[in-house]
Colleague: 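One structure coming up, written as structure tokens, with questions to follow.
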Amino acid sequence: MFAGDMHSPIYNCITGQYMATTLFPSSTLLVPASLKEANPITRNSSSKLLVNCKTLKELKQLHCDMMKKGLLCHKPASNLNKLIASSVQIGTLESLDYARNAFGDDDGNMASLFMYNCLIRGYASAGLGDQAILLYVQMLVMGIVPDKYTFPFLLSACSKILALSEGVQVHGAVLKMGLEGDIFVSNSLIHFYAECGKVDLGRKLFDGMLERNVVSWTSLINGYSGRDLSKEAVSLFFQMGEAGVEPNPVTMVCVISACAKLKDLELGKKVCSYISELGMELSTIMVNALVDMYMKCGDICAARQIFDECANKNLVMYNTIMSNYVHHEWASDVLVILDEMLQKGPRPDKVTMLSTIAACAQLGDLSVGKSSHAYVLRNGLEGWDNISNAIIDMYMKCGKREAACKVFEHMPNKTVVTWNSLIAGLVRDGDMELAWRIFDEMLERDLVSWNTMIGALVQVSMFEEAIELFREMQNQGIPGDRVTMVGIASACGYLGALDLAKWVCTYIEKNDIHVDLQLGTALVDMFSRCGDPSSAMHVFKRMEKRDVSAWTAAIGVMAMEGNTEGAIELFNEMLEQKVKPDDVVFVALLTACSHGGSVDQGRQLFWSMEKAHGIRPHIVHYGCMVDLLGRAGLLEEAVDLIQSMPIEPNDVVWGSLLAACRKHKNVELAHYAAEKLTQLAPERVGIHVLLSNIYASAGKWTDVARVRLQMKEKGVQKVPGSSSIEVQGLIHEFTSGDESHAENTHIGLMLEEINCRLSEAGYVPDTTNVLLDVDEQEKEHLLSRHSEKLAMAYGLITTGQGIPIRVVKNLRMCSDCHSFAKLVSKLYNREITVRDNNRYHFFKEGFCSCRDYW
DNA sequence: GTAGGGTTAG
């Protein structure tokens with residue numbers, strides 16, 4: 001790979017210096033034989049020579065000779081027209097400037113309409129829309145009347161820079177001049193409106209046209225496809241066929257790309273068979289569109305086959321397949337294609353290098369990454385911002401922060417993307433502090449900057465901060481998008497903030513944010529975690545498409561409720577819809593069985609994994625099974641399973657067994673499991689806590705003391721239990737025995753009142769949940785101040801009758817609080833939801849949705 | 001003269 005480049009001087013990560021060698025010597029000026037003195041130029045021969053000029057240097061020399069001989073003048077159809085046309089044709093920025101300078105002359109001769117049209121076209125195709133518009137204005141000032149040729153160029157210029165109001169004025173001029181009947185002008189207007197996001201106006205124009213050609217249809221098809229209305233694009237394509245208009249290769253490219261955007265493989269295939277029906281030959285641009293479509297629709301093998309079979313692959317085709325491989329994270333295939341390209345294909349350009357560098361970033365391939373960097377430097381591609389941004393990203397992902405920073409420092413035009421790449425890299429590097437600082441100091445932030453930071457905060461579990469940042473974003477008038485909402489939904493879910501969650505949904509509707517697979521799944525998960533299964537399922541049912549992750553989220557809703565039947569029903573529905581199960585969905589299923597106490601179904605699912613679905617159980621599935629069996633009291637079977645596992649059991653597996661021992665009060669087995677656990681994960685806080693809890697509930701206080709001492713020696717501390725409740729959009733958090741809340745007195749009185757009413761109803765506190773060796777009265781007191789009780793009491797005070805109380809707890813709810821909540825739900829006629837770190841409990845009229853099994 | 005394929009960061 002880059003045979004010659006590997007040993008070339010490249011970027012030095014340590015010194016930050018790089019040396020670029022020039023691969024191509026600057027091209028020497030080729031003087032056509034006809035230019036030599038032996039063959040003197042005349043007015044006629046020079047005109048032909050002008051048209052055939054391929055480089056600016058050639059043109060300049062010719063121009064010079066013609067001036068000497070006085071062969072240039074401003075008469076219509078003169079050589080000056082041809083000079084400008086030729087210069088524009090060359091198409092570089094320099095040649096455009098040259099044309100602009102040759103334009104007027106000092107004698108006050110006016111540039112012709114033809115020259116204006118020529119140069120406006122040149123500016124339009126170079127993307128210099130504003131220059132084109134300026135030239136148009138100048139033309140009007142000079143009293144030159146535009147013609148039907150001016151407008152398509154000018155409108156193309158307006159489209160390129162999305163100059164809506166200017167284009168609308170141009171439309172006005174078109175109408176004034178009575179040119180709306182010109183099919184070229186109308187087609188250009190359709191394209192212009194579509195590009196500026198006003199495809200409806202384009203449609204109106206299209207509908208009013210007396211005569212349409214294939215370009216009119218194609219422009220509108222492409223307009224729909226580009227505005228995320230690909231369904232309309234494809235249906236318009238078939239309407240076009242019905243109207244008897246033959247598509248051409250450009251039309252096919254547009255419609256195939258619409259199928260690609262829809263990721264609708266069936267539709268794509270339908271279009272393919274339509275091509276064969278028409279007997280159309282596949283041109284290179286069509287093959288390229290097909291490769292792209294198959295890739296985007298997920299049929300990578302089909303795409304590769306077409307690619308491999310294509311005899312005349314051009315640069316774009318190589319770039320297409322490579323960039324798609326990058327998006328599918330098939331980075332090693334990118335390098336395989338690159339190899340082929342270097343051997344027998346066109347020379348890699350900046351787009352090729354962009355994909356290559358992105359692939360190196362994914363693979364963490366520093367070696368090819370460096371060579372690519374060298375190639376970029378030698379070929380002068382680093383001026384293109386995208387490339388440098390990709391290089392920064394690559395060095396960051398390869399763990400070369402210094403190298404990334406050096407590239408960053410050397411960049412003359414840092415864009416917001418550059419800063420974003422750096423921030424994202426720092427976040428991945430775990431340097432939140434620096435990422436924050438840079439984000440704070442950024443002069444220009446875009447949506448991605450905000451999304452990166454919100455995502456980063458969610459990743460490090462700073463959920464409140466993530467929501468706070470989103471609020472700041474709102475204050476600055478920046479609306480969130482799909483990606484923002486995925487982050488915020490996730491934060492809401494973890495906080496269990498249902499009011500906020502509902503607000504998120506309203507926000508999405510109000511701002512017309514498209515709920516795609518990812519966002520839909522995030523919303524299902526959010527409502528599930530907020531303890532609102534019906535909203536979760538409502539979102540799920542409204543999702544347009546559902547992949548295995550979406551189904552898993554829905555099955556997760558059932559798992560939270562301990563609804564095994566619901567989970568299995570969903571799973572069967574998923575299979576009917578031909579969605580292939582993966583390992584994760586089985587985790588959700590087994591969790592559902594575990595929470596529902598459905599041992600038989602769990603066993604059945606577990607064994608079906610490999611037999612029916614070809615998925616070998618991972619360690620996590622064994623963990624689920626041990627949990628399922630253990631919870632149901634089948635401790636021996638759980639131990640048998642552990643002993644028969646083909647994989648070495650890990651701390652999670654032993655942890656599940658230990659938790660089961662606690663529930664079923666098997667001190668001996670608990671001791672064994674704890675020993676195994678301590679060997680595997682001595683740092684785990686949970687083991688000590690669980691073991692100490694087990695001893696405590698068995699009244700073995702000396703053992704409790706021993707474990708506590710060990711914990712102290714090892715510096716591990718029990719995670720304090722905390723519960724939160726959302727009241728009027730604010731989250732109130734309580735820890736066990738917390739007296740810091742402003743309403744502490746009220747809460748205390750409320751708890752006393754509750755306890756009185758509960759005692760009358762026959763409630764006796766279950767003090768085995770108190771893990772300290774203190775007297776019974778003290779135990780009762782400690783128990784009565786558990787964080788979830790404080791949160792429930794606060795909820796009763798602050799919310800009106802009939803409003804459900806929702807509490808989120810960071811640890812598992814204790815059995816006493818469970819009985820307490822059941823009775824409160826009955827005596828106070830309130831629905832109460834408690835989501836703990838495992839599942840949620842929905843209390844109503846004295847019963848819990850978990851049917852006391854959890 | 002009008003329409004078209006590949007482009008970095010979340």
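Residue numbering restarts at 1 for every chain, and letters A, B, ... go by the order of the sequence lines. In what follows, every heavy atom counts, from backbone to side chain, and hydrogens, waters and symmetry copies are set aside. Here the structure is a predicted model, which is why all the values come from computation and not from measurement.
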Colleague: Measure from the side-chain heavy atoms of A:N222 and tell me the nearest of B:dA3, B:dG6, B:dT7.
Modeller: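 Closest nucleotide to the A:N222 side chain: B:dA3.
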
Colleague: The side chain of A:P152 is closest to which nucleotide in this list: B:dT2, B:dA9, B:dG5?
Modeller: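 Nearest listed nucleotide: B:dT2.
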
Colleague: What is the distance, to the nearest angstrom, from the CE atom on A:M317 to the P atom on B:dG5?
Modeller: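 After rounding, the reported distance stands at 14 Å.
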
Colleague: Can you confirm whether or not the ring centre of A:W217 sits under 6.0 Å from the ring centre of A:F206?
Modeller: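 Yes - the distance between ring centres of A:W217 and A:F206 falls below the 6.0 Å cut-off.
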
Colleague: Quick one: label A:S323 by what it contacts on the DNA or RNA (base, sugar-phosphate, nothing), any heavy atom closer than 4.0 Å.
Modeller: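 Touches sugar-phosphate only.
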
Colleague: Which nucleotide, B:dT2, B:dT7, B:dA9, lies nearest any side-chain atom of A:S188?
Modeller: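 Side chain of A:S188 sits closest to B:dT2.
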
Colleague: Select base, sugar-phosphate, or nothing to describe what A:A424 touches, counting heavy atoms under 4.0 Å on all strands.
Modeller: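 Sugar-phosphate, backbone atoms only, no base.
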
Colleague: Compare the minimum distances between each of B:dA9, B:dG6, B:dG5 and the side chain of A:V253, then state the nucleotide with the smallest one.
Modeller: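 It is B:dG5.
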
Colleague: What about A:D182, does its side chain sit under 3.5 Å from the base of B:dG1 through a donor-acceptor pair?
Modeller: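 A donor-acceptor contact between them is present.
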
Colleague: Is a donor-acceptor pair below 3.5 Å formed from side chain A:D349 to base B:dG6, judging by atom type as modelled?
Modeller: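 Indeed there is one.
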
Colleague: I'd like to know if A:N386 reaches the base of B:dA9 with its side chain such that a donor and an acceptor end up less than 3.5 angstrom apart.
Modeller: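 Absent.
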
Colleague: Look at all strands and tell whether A:R445 reaches a base, only sugar-phosphate, or nothing, counting heavy atoms closer than 4.0 Å.
Modeller: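 Nothing: the residue A:R445, judged by heavy atoms under 4.0 Å, touches no strand.
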
Colleague: Would you classify A:K148 as touching base, sugar-phosphate or nothing, given that sugar-phosphate means primed atoms plus P, OP1 and OP2, and contacts are heavy atoms under 4.0 Å?
Modeller: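 Base contact.
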
Colleague: Please report the C-alpha distance between A:F408 and A:Y395 in whole Å, then the side-chain angles of each, then the deciding distance to 0.1 Å, and finally whether the ring-ring contact (aromatic ring centres under 6.0 Å, His included) criterion is met.
Modeller: CA-CA 11 Å; A:F408 180 84; A:Y395 279 130; over 10 Å; no

Colleague: Using a heavy-atom cut-off of 4.0 Å across all strands, would you classify A:N324 as base, sugar-phosphate, or nothing?
Modeller: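 No contact at all - A:N324 keeps every heavy atom at 4.0 Å or more from the nucleic acid.
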
Colleague: Could you state the atom-to-atom distance from CE of A:M322 to P of B:dG5 in whole Å?
Modeller: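 Nearest whole value for this atom pair: 20 Å.
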
Colleague: Taking the six-membered ring for Trp and the full ring for Phe, Tyr or His, determine whether the centres of A:Y116 and A:F103 are under 6.0 Å apart.
Modeller: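 Yes: the rings meet the under 6.0 Å criterion.
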
Colleague: Can you tell me the distance, in whole Å, between the CG atom of A:L422 and the P atom of B:dT8?
Modeller: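 After rounding, the reported distance stands at 19 Å.
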
Colleague: Kindly say whether the aromatic ring centers of A:Y318 and A:F307 come within a distance under 6.0 Å.
Modeller: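 A:Y318 vs A:F307: aromatic centres under 6.0 Å.
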
Colleague: Round to the nearest Å and state the distance from A:N117 atom CG to B:dG1 atom P.
Modeller: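 Checked: the CG to P distance equals 11 Å.
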
Colleague: With a non-hydrogen cut-off below 4.0 angstrom, is A:S219 in contact with a base, only sugar-phosphate, or nothing?
Modeller: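 Here A:S219 touches the backbone only, sparing every base.
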
Colleague: What is the distance from CG of A:L189 to P of B:dA3, rounded to the nearest Å?
Modeller: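 Rounding to the nearest Å, CG of A:L189 and P of B:dA3 are 12 Å apart.
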
Colleague: Below 6.0 angstrom between ring centroids: does that apply to A:Y193 and A:H171?
Modeller: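 For A:Y193 and A:H171, the ring centres are under 6.0 Å apart.
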
Colleague: Between B:dA9, B:dG1, B:dG6, spot the one nearest the side chain of A:L315, thanks.
Modeller: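 The listed nucleotide nearest to A:L315's side chain is B:dG6.
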
Colleague: Just checking, is any N or O donor in the side chain of A:S219 or A:N222 under 3.5 Å from an acceptor N or O on the other one?
Modeller: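 Result is no, nothing qualifies.
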
Colleague: The side chain of A:N248 lies closest to which of these nucleotides: B:dT2, B:dG6, B:dA3?
Modeller: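 Nearest listed nucleotide: B:dA3.
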
Colleague: Under 4.0 Å, heavy atoms only, any strand: does A:Y149 hit a base, just the sugar-phosphate, or nothing?
Modeller: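 Here A:Y149 touches the bases of the nucleic acid.
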
Colleague: For the side chain of A:N213, counting heavy atoms from C-beta on, which of B:dA9, B:dT2, B:dG5 is nearest?
Modeller: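 When the side chain of A:N213 is considered, B:dT2 is the closest of B:dA9, B:dT2, B:dG5.
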
Colleague: Reckon A:V250 touches a base, only the sugar-phosphate, or nothing at all at heavy-atom distances under 4.0 Å?
Modeller: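 A:V250: base contact, heavy atoms under 4.0 Å.
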
Colleague: Give A:D147 one of three labels, base, sugar-phosphate or nothing, depending on what nucleic acid heavy atoms sit under 4.0 Å from its own.
Modeller: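 No contact.
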
Colleague: Any idea which of B:dT7, B:dG6, B:dA3 is nearest the A:H327 side chain?
Modeller: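 Ranking B:dT7, B:dG6, B:dA3 by closest atom to the A:H327 side chain puts B:dT7 first.
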
Colleague: As a test of reading the structure: which of B:dA9, B:dG5, B:dG6 is closest to the side chain of A:V448, going by heavy atoms?
Modeller: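 Between B:dA9, B:dG5, B:dG6, the one nearest the side chain of A:V448 would be B:dA9.
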
